[in-house]
Amino acid sequence: MSDLLANLNPEQLQAVTLPPQHSLILAGAGSGKTRVLTTRIAWLVQTGQVDPQGVLAVTFTNKAAKELLARLSAMLPLSFGHSARGMWIGTFHGLCNRLLRAHHRDAGLPQLFQILDSGDQLAAIKRLLKALNVDDEKFPPRELQHFINAQKEAGLRPHAVEAWDDYTRRRVELFAEYEAQCQRESVVDFAELLLRTYELLERNEPIRRHYQRRFRHILVDEFQDTNRLQYRWLKLLADDGREGGACLFCVGDDDQSIYRFRGAEVGNMRDFEREFRVANVIRLEQNYRSHGNILDAANAIIRHNTARLGKNLWTERGAGEPIRVFEAYADMDEARWIVEEIQSLVRDGMSRSDIALLYRSNAQSRVLEHQLFSAGIAYRVYGGLRFFERQEIKHALAYLRLIANPDDDTAFSRVVNFPTRGIGARSLEALQDAARTWNASLYSTVPHLSGKPGTVLAQFVRLVEDLRRDTARLPLPELVDHVLDASGLRDFYRSEKEGQERLENLDELINAAANFLGESGADAEALAQPHALLADFLAHASLEAGDHQADAGSDAVQLMTVHSSKGLEFDVVFLSGLEEGLFPHENSAVENEGLEEERRLMYVAVTRARERLYLSFAQSRMLHGQTRYNLRSRFLEEIPEGLVKWLSPPSPRGMGARSGAGMRVEPARGGLAPRVAQAPARSQDLGGLRVGQLVTHAKFGQGVIVAAEGSGADARVQINFGSAGVKWLMLAVAKLSPA
DNA sequence: ATTCTTTAGTTTTTT
DNA sequence: ACTAAAGAAT
């Protein structure tokens with residue numbers, strides 16, 4: 001046990017050994033958050049304060065859950081008499097799935113209910129709109145999806161939604177129709193998993209009491225990312241914080257809350273503190289990751305935010321290197337410079353996988369990839385399609401879903417004519433109409449159909465019936481294998497010219513099934529029911545879409561958005577595109593507190609770096625097919641000058657005023673040919689001004705000329721004033737002077 | 001049923 | 001500029 005607590009700093013030790021009371025741990029970036037969480041659990045168990053089955057640990061991602069479990073298993077070896085077995089460790093959605101399977105009857109669901117991922121949900125909504133003859137221009141499916149999820153996350157069923165206008169009233173009706181459709185098809189979307197579980201616990205006292213008594217300690221990771229419903233869910237399980245309820249131990253960092261746009265509610269941290277009368281708030285401020293200069297920069301940036309719980313990171317490591325800042329003429333030059341810098345780092349012995357290239361939006365990866373590719377540097381982009389989201393995998397899963405649950409109309413529609421078997425839109429429309437009148441699923445309506453469409457469809461139904469019969473006694477991997485062949489999917493992709501990779505992925509699906517079987521620890525009884533096991537596998541596929549296509553093993557430079565870099569760390573970090581409009585993103589200006597979220601994002605980006613941090617921006621950048629001229633990001637201004645080393649001489653504020661001369665750090669070769677943007681011919685008469693130039697306006701301050709039109713007395717210029725916005729000004733009226 | 005054409009959208013993403 | 005998805009034509 002002394003082992004367990006050794007090497008913790010005083011704050012970490014305090015957090016780990018807190019008495020059984022509600023606690024909030026404000027864990028700064030790199031402060032050993034996961035360590036505190038795992039050690040706390042291990043300590044509680046080893047000191048006999050709680051049985052493993054009294055522990056519930058909730059995370060947001062499967063990755064985090066796995067890491068928690070792995071580290072706990074290492075800390076609590078079986079020989080000690082305790083182990084991680086019996087604990088409930090998982091994501092909110094994973095745990096809800098588990099609860100709903102266990103109590104499906106009380107939750108009003110069939111045992112083999114299926115889970116819709118976002119794509120499935122969207123398809124289901126589109127199908128619904130079509131069936132109800134709703135104009136999808138007036139009610140865009142995506143918007144409706146967002147609306148429905150927002151209601152569910154607010155804990156509202158259709159009857160409880162307040163609608164003041166006709167439009168919302170109609171959306172609420174559609175919400176109700178959507179719910180009816182899901183119930184009919186025995187499917188559950190992500191938000192429904194949470195809401196259903198919440199309602200189950202709220203309405204069913206015996207079940208609620210059972211879990212309230214069982215879980216003595218509830219630990220929550222990344223608490224700043226919880227949404228309203230998740231917070232209420234926790235409150236319910238912890239019996240509202242009452243005497244005798246579970247202890248809540250929430251770990252989070254309000255400064256790293258970057259998912260407001262998808263419903264995360266930082267306010268939950270304050271609410272938790274108040275509603276649970278949290279006496280123990282512990283700040284973990286010692287950072288074990290980054291050098292001093294990097295931390296100082298991060299602290300300086302985040303200090304500009306007002307709504308904070310307050311925290312200041314410090315380190316015992318030295319100041320380290322200054323932060324390197326580079327200004328490029330164009331996005332291409334920026335990328336080229338980054339690549340040259342990487343080449344020199346690699347020459348000095350740095351491994352590529354210790355280098356990360358971060359950017360605000362995915363579109364920015366293109367230029368970087370292009371330059372890396374030409375230079376022959378191995379790189380890996382995070383954030384593409386994930387395994388279970390691939391087309392061929394989704395098709396295979398749809399067949400499997402039909403075996404487990406023939407009423408799943410989403411799965412039915414997906415593969416009824418894939419591979420094509422002559423079932424066109426007309427036949428399907430007839431089937432949909434019939435299904436509506438019979439109030440039954442598409443699958444079960446087929447026998448009621450007559451005529452030619454009836455016979456082709458009946459063949460499809462027979463195919464699925466055969467699949468179900470022939471796989472009833474097969475082990476899961478063989479079951480999948482059989483379905484791939486009998487469905488014709490394999491044949492289809494074999495005949496496709498580009499089908500090779502898809503075939504490999506299909507084989508990989510068999511491996512995934514085998515792995516799942518191995519990890520599930522299914523006993524003989526479970527093995528005897530392959531179709532129940534199949535339902536579990538399908539839930540797994542929906543809940544865990546698989547890794548992004550990144551081979552962790554290979555030595556490649558890592559490219560990703562700032563969002564997906566959260567939780568990771570690298571020796572060297574390049575943060576590119578630090579320009580107004582890009583980072584902070586222009587859309588954030590109109591959002592409530594949007595700028596503060598952007599700043600938190602910047603804070604996350606900066607704190608990813610261990611040793612060295614590069615910040616760069618470009619005067620001009622191609623975006624949506626147009627060259628844009630941006631000012632440099634205000635976040636750069638927020639870093640104290642003393643921490644920074646300019647690799648190019650700093651221009652007044654932003655850019656444009658400088659010509660190509662005087663670049664202090666010359667790139668090895670290729671050069672950064674001064675690439676002053678060519679103004680369009682029609683805008684030459686601008687009295688000495690040109691597109692891309694930096695100017696000063698009495699009221700709006702400094703800005704950069706983005707475009708121009710007209711001439712003489714009519715000449716107008718469009719100027720990007722950064723925080724003051726983008727404006728069209730008459731040259732004759734506005735007093736502009738070159739900055 | 002396949003192939004060509006048009007159109008809209010293009011911040012961030014997990015479950 | 002580029003893509004994905006819907007629509008129209010063959």
Side-chain angles (χ1 to χ4, degrees), chain A residues 58-65 90-98 115-123 126 130 136-137 140-143 146 149 152-153 188-195 197 221-222 225-227 229-230 257-264 331 358-367 370 382-386 388-389 391 417-427 539-548 560-567 577 581-591 594-595 597-598 600-602 604-605 621-628:
Chain A
V58 198
T59 64
F60 271 85
T61 64
N62 292 295
K63 201 174 144 202
T91 62
F92 278 102
H93 294 85
L95 296 166
C96 286
N97 177 47
R98 189 167 173 180
I115 299 170
L116 299 184
D117 67 22
S118 324
D120 298 331
Q121 186 189 28
L122 187 62
K126 283 181 181 168
K130 202 159 213 170
D136 60 1
E137 302 237 313
R142 284 185 173 285
E143 199 274 337
H146 192 256
N149 290 338
K152 290 191 183 185
E153 278 169 19
V188 165
D189 62 45
F190 286 138
E192 185 72 23
L193 279 173
L194 280 159
L195 183 53
T197 312
D221 190 19
E222 305 278 18
D225 287 338
T226 48
N227 65 31
L229 185 53
Q230 286 160 340
S257 158
I258 56 175
Y259 286 115
R260 225 170 68 104
F261 70 93
R262 67 173 198 218
D331 46 359
L358 308 186
Y359 35 80
R360 171 69 238 266
S361 60
N362 281 308
Q364 289 167 252
S365 77
R366 181 176 287 276
V367 224
H370 179 77
Y382 284 76
L385 256 195
R386 301 194 302 175
F388 286 110
E389 288 167 351
Q391 183 210 109
N417 199 32
F418 192 96
T420 53
R421 35 178 83 86
I423 300 169
R426 246 201 332 272
S427 313
H540 165 83
S542 294
L543 288 173
E544 186 172 350
D547 282 333
H548 287 291
M560 67 192 82
T561 61
V562 178
H563 279 94
S564 34
S565 76
K566 192 173 144 205
L582 207 67
F583 197 4
H585 196 275
E586 52 199 354
N587 293 0
S588 72
V590 294
E591 281 164 43
L595 186 65
E597 175 129 334
E598 293 289 306
R600 290 193 289 267
L601 207 43
M602 178 72 185
V604 167
R621 179 177 299 274
M622 280 293 262
L623 200 66
H624 310 325
Q626 278 184 320
T627 308
R628 303 195 4 163

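Note: hydrogens, waters and symmetry copies are ignored here, and every other heavy atom, side chains too, is used. Quantities reported herein were computed from a predicted structural model and do not represent experimental measurements.
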Contacts of type salt bridge (charged side-chain N to carboxylate O under 4.0 Å, His left out), residue A:Glu143, not counting sequence neighbours:
A:Arg171

Does [X] have any side chain to side chain donor-acceptor pair (under 3.5 Å) partners at least two apart in sequence or in another chain, and if so, which?
| X | result |
| --- | --- |
| A:Arg421 | A:Tyr399 |
| A:Glu192 | A:Lys152, A:Arg157, A:Arg196 |
| A:Ser365 | A:Glu369 |
| A:Gln364 | A:Ser361 |

Atom pairs, protein N/O to nucleotides 4-10 of chain C N/O, distance under 3.5 Å:
from, atom 1, to, atom 2, distance (Å)
C:dA6, OP1, A:Lys126, NZ, 3.0

Closest-nucleotide ordering on DNA chain B, the 5'-leading residue of A:Glu597 and A:Glu544:
A:Glu597

Base, sugar-phosphate alone, or nothing: which one does [X] contact when heavy atoms must sit under 4.0 Å apart?
| X | answer |
| --- | --- |
| A:Asn417 | sugar-phosphate |
| A:Asp225 | nothing |
| A:Phe60 | sugar-phosphate |

Sorted by chain and residue number, the ring-ring contact (aromatic ring centres under 6.0 Å, His included) partners of A:His563 (sequence neighbours excluded) come out as A:Tyr259, A:Phe261

Contacts of A:Phe60 meeting ring-ring contact (aromatic ring centres under 6.0 Å, His included) (sequence neighbours excluded), chain-then-number -> A:Phe92

Check: B:dT15 base within 3.5 Å donor-acceptor of A:Ser118 side chain:
yes

Taking all non-hydrogen atoms of both residues into account, name the closest pair between A:Gly90 and A:Ala65 and its distance.
CA-CB, 4.0 Å

ring centroid sep under 5.5 Å plus plane angle under 30, A:Phe261 with B:dT12:
yes

Given [options], identify the nucleotide with an atom nearest to the side chain of [X].
| X | options | result |
| --- | --- | --- |
| A:Arg366 | B:dT15, B:dT13, C:dT3 | C:dT3 |
| A:Arg262 | B:dT14, B:dT15, C:dT3 | B:dT14 |
| A:His93 | B:dA1, B:dT15, B:dT13 | B:dT15 |

Filtered N/O pairs between nucleotides 3-11 of chain B and protein, under 3.5 Å:
from, atom 1, to, atom 2, distance (Å)
B:dT11, O4', A:His585, NE2, 3.3
B:dT11, O2, A:Arg360, NH1, 2.7
B:dT11, O2, A:Arg360, NH2, 2.5
B:dT11, O4, A:Glu591, OE2, 2.5

Whole Å only: how far is the CG atom of A:Leu385 from the P atom of B:dT14?
12 Å

Just how far, in rounded Å, is C1' of B:dT13 from NE2 of A:His146?
12 Å

